[in-house]
Amino acid sequence: MSVQPQQTDPSVTDRGPVAASRSLTHRVRHLLRSLHPVVWPAGLGVLGLAGATLLHFVDPNEPGNYPTCPWLLTTGTFCPGCGTMRAIALTTHLDITAAISMNPLLFLLLPYIAWAYGRWFVWSVRPPKTPPKLTPGWFLWAMFTVITAHWVLRNLPWFDFLAPGVPLLPGW
């Protein structure tokens, strides 16, 4: 009397269907780990350039081209990012003063955003030999304060020049 090996379905393991889903998760994690680290900042850069190109050719000022800001739609007030799409579209058309009037905070934070992105890109190509220092707490609190102040002030009548589309200075 010989014992025949039992045939099993390869998608079902001895631990049940949970292990099959873990194997998919494991495969996805393995795929993501096998990518070169520069893929993430390069991909974000390509995505940003594609978005800027879209904003250059499809005007955000025309109704129906893009969805309304959910914060503006529900509360009727401007969020810190309101006007950013129009500012980027105007920047691609090289109308910088009008772009600044759409969202001055974007242009205040632009040097930091460019520096942080550049550092991320360079560190993904050549990782630092020592662990990088953490961002100082005072800087994070300053960023939080500036963004919150911009959010509140642009919705007050005395600071309407911070609202999207209102010129910052007379004659702009």
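All residue numbers refer to positions in the sequence shown, counting from 1. Just the heavy atoms: all of them, side chains too, but no hydrogens, waters or symmetry mates, feed the values below.
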Supply the atom-to-atom distance [X] [atom1] to [Y] [atom2], rounded to the nearest 0.5 angstrom.
X      : Y      : atom1 : atom2 : answer
Thr91  : His56  : OG1   : NE2   : 12.0 Å
Leu105 : Cys79  : CG    : SG    : 10.0 Å
Leu110 : Ile100 : CG    : CD1   : 10.0 Å
Leu109 : Trp115 : CG    : CH2   : 13.5 Å
Thr135 : Leu140 : OG1   : CG    : 5.5 Å

Does [X] reach the side chain of [Y], with side-chain heavy atoms less than 4.5 Å apart?
X      : Y      : result
Arg119 : Pro132 : no
Trp138 : Trp141 : no
Thr92  : Leu55  : no
Leu72  : Thr77  : no
Phe78  : Leu162 : no
His150 : Pro104 : yes
Leu106 : Ile88  : yes

Do the side chains of [X] and [Y] join up, straight or via other hydrophobic residues, at under 4.5 Å, putting them in one cluster?
X      : Y      : value
Leu108 : Tyr112 : yes
Met143 : Trp151 : no
Leu54  : Leu90  : no
Leu134 : Trp120 : no
Phe161 : Leu156 : yes

inquiry  = Tell me whether Ile113 at atom CD1 has more than 12 heavy atoms from other residues, nucleotides or ligands lying less than 6.0 Å away.
reply    =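 Atom CD1 in Ile113 is crowded, with more than 12 foreign heavy atoms closer than 6.0 Å.
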Using a 3.5 Å distance criterion without hydrogens, assess whether the side chain of [X] forms a donor-acceptor pair with backbone atoms of [Y].
X      : Y      : result
Arg154 : Phe159 : no
Asn65  : Asp59  : yes
Arg86  : Pro164 : no

query = Can you check side-chain contact (heavy atoms from CB on, under 4.5 Å) on Thr97 and Asp95, steps first, answer last?
reply = CA-CA 6 Å; Thr97 55; Asp95 191 356; 3.7 Å; yes
query = At their closest point, which heavy atom of Gly165 faces which heavy atom of Met102, and how far apart are they?
reply =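 That would be N-SD, 3.5 Å.
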Please list, one pair per line, the donor and acceptor atoms closer than 3.5 Å that link side chains of residues 29-49 to other protein atoms, with sequence neighbours excluded.
unit_1, atom_1, unit_2, atom_2, d
Ser34, OG, His30, O, 3.4
Ser34, OG, Leu31, O, 2.7
His36, ND1, Val38, N, 3.1

